[in-house]
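For ligands, and for the atoms within them, numbers begin at 1 and follow the listed sequence. FYI, the numbering just counts along the sequence from 1.
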Amino acid sequence: MSQRVYRFTFGPWNISTGADPFGPPVRPDVAFAAKLREYKKLGFDGVQLHDDDVVPADWTFEQTKKGVAEVKKMLDGEGLFAEFIAPRLWEDPRTIDGAYTSNSPADREYAISRSKRAVDIANMLGTRDIVLWLAREGTYIREAKDPLTASQRILDAVNALLSYDKNIRILGEMKPNEPMDQAYLPTPGHFLALCYLTIDPARSGVLIESAHSILAGLDPSDDMAYTLWHKKLWSVHLNDQNGLKYDQDKAFGSVDLRRAFNQVWVLERGNFDGCVGLDVKAMRTTKPADQTKHLANSRAIFLRLLEVARSVDAAKVESLRADRDYEALEMYVLERLMGR
Ligand code: 3MF
Ligand code: MG
């Protein structure tokens with residue numbers, strides 16, 4: 001049996017200046033073109049993009065068309081493809097109170113039209129996938145918005161995009177908190193339920209980020225398995241997270257190798273055929289010369305864990321399960337992870 005070849009992607013935001021809420025940049029900004037030149041060297045195949053990673057959000061349609069064509073040429077020149085476009089609905093002043101769930105009708109309208117523009121950009125770049133990380137769809141205090149109305153508004157927005165273009169797919173990337181105190185549709189399971197209510201469930205699915213599941217107190221590999229079972233896991237953001245605190249985007253496997261292994265193992269067993277996205281951040285202490293190491297390391301860890309997953313003796317696992325000898329099963333997995 002020929003083995004599946006995984007395609008690796010990341011976004012330009014994963015090479016960053018190291019600024020955080022408490023301090024300024026510590027590394028010089030890297031130009032977009034220079035970032036693109038790093039991809040192949042690091043063993044990556046495609047690029048994940050926000051709409052305004054491609055062209056500024058306030059450009060006219062004509063400017064946008066021209067600008068996107070230039071970026072397409074750059075991607076082609078580097079032998080890269082665009083995996084998805086994600087409308088960045090959390091920086092503009094009109095998204096202060098959320099985008100699709102804002103209490104302001106004018107601001108909701110802005111969010112929809114900006115998202116449609118992301119669809120246009122996706123078409124121009126030759127990808128059909130739109131990722132919605134619903135950053136500010138939630139509240140700081142429960143009373144601020146009506147949660148029943150909010151769910152309906154998110155569904156209406158997804159439907160508006162699905163009917164705007166009959167070819168695109170919507171992938172919800174859910175996260176339970178940060179920047180909001182409580183997000184609406186906080187987990188992949190929540191978005192999955194919404195998928196079935198859309199005008200085209202076949203074009204509605206999810207992207208799962210490891211850290212987001214961990215922040216929700218869930219195991220990412222189980223979240224992945226559940227959505228794979230629904231045939232709705234279309235992309236992943238692998239990374240790691242040290243407990244329930246701010247979103248850390250640590251290198252994949254760097255906190256809990258076994259948890260990372262279980263993600264790789266389930267993706268492999270579940271015939272995941274989306275891209276392996278790595279949404280990882282360099283430490284603030286990282287020197288400019290080393291600012292892509294976290295990406296190379298995360299990819300390397302994935303591939304090492306894939307070797308382990310492929311070397312698992314499935315019959316042995318089955319027999320230990322049948323014998324209910326989970327102590328031995330645990331030791332078997334740990335031994336594999338320690339190289340025996
Ligand atoms: C936040 C995220 C986002 C999304 C990105 C693409 C900035 O926790 O994970 O990263 O991945 O917007 O949808
Ligand atoms: Mg992400």
Next item on the list: Check whether any heavy atom of Glu178 sits under 4.0 Å from an atom of ligand 1.
Entry: no

Next item on the list: Provide the number and element of each atom of ligand 1 under 4.0 Å from a heavy atom of Asp247.
Entry: 8 (O)

Note to self: What I want to know is whether Trp133 and ligand 1 share at least one N or O pair that is separated by under 3.5 angstrom.
What the structure shows: no

Item checked: Element-labelled atoms of ligand 1 that are located less than 4.0 Å from some non-hydrogen atom of Trp13 -> 5 (C), 6 (C), 7 (C), 10 (O)

Notebook entry, point to check: In terms of side-chain geometry, is the basic nitrogen of Lys175 or Glu209 positioned less than 4.0 Å from the acidic oxygen of its partner?
Noted result: no

Margin query: So is His212 touching ligand 1 or not, going by heavy atoms under 4.0 Å?
Written below: yes

Next item on the list: Could you tell me the angle subtended at the Mg ion (ligand 2) by ND1 of His237 and OD2 of Asp279, rounded to 10°?
Entry: 90°

Checklist line | Residue part near ligand 1, for His50, under 4.0 Å between non-hydrogen atoms | finding: side chain

Note to self: Any salt bridge linking Arg114 with Asp52? Criterion: basic side-chain nitrogen under 4.0 Å from a carboxylate oxygen.
What the structure shows: yes

Check: In terms of atom number and element, which parts of ligand 1 are under 4.0 angstrom from non-hydrogen atoms of Ala86?
Finding: 13 (O)

Notebook entry, point to check: Is the distance between the Mg ion (ligand 2) and the nearest N/O/S atom of Asp249 smaller than 2.8 Å?
Noted result: no

Check: What atoms of ligand 1 come closer than 4.0 angstrom to any heavy atom of Lys175?
Finding: 1 (C), 8 (O)

Check: Is any NZ, NE, NH1 or NH2 atom of the basic residue among Arg153 and Asp156 found under 4.0 Å from an Asp or Glu carboxylate oxygen of the other?
Finding: no

Next item on the list: Return yes or no for this condition: an N or O of Trp90 is under 3.5 Å from an N or O of ligand 1.
Entry: no

Checklist line | Residue His212, metal the Mg ion (ligand 2), N/O/S under 2.8 Å | finding: no

Note to self: Does this structure show an ion pair linking Asp313 with Lys316, if we count only N-O contacts that are shorter than 4.0 Å?
What the structure shows: no

Check: Honestly, is Lys232 close enough over Tyr196, meaning NZ or CZ under 6.0 Å from the six-membered ring centre and within 45° of the axis?
Finding: yes

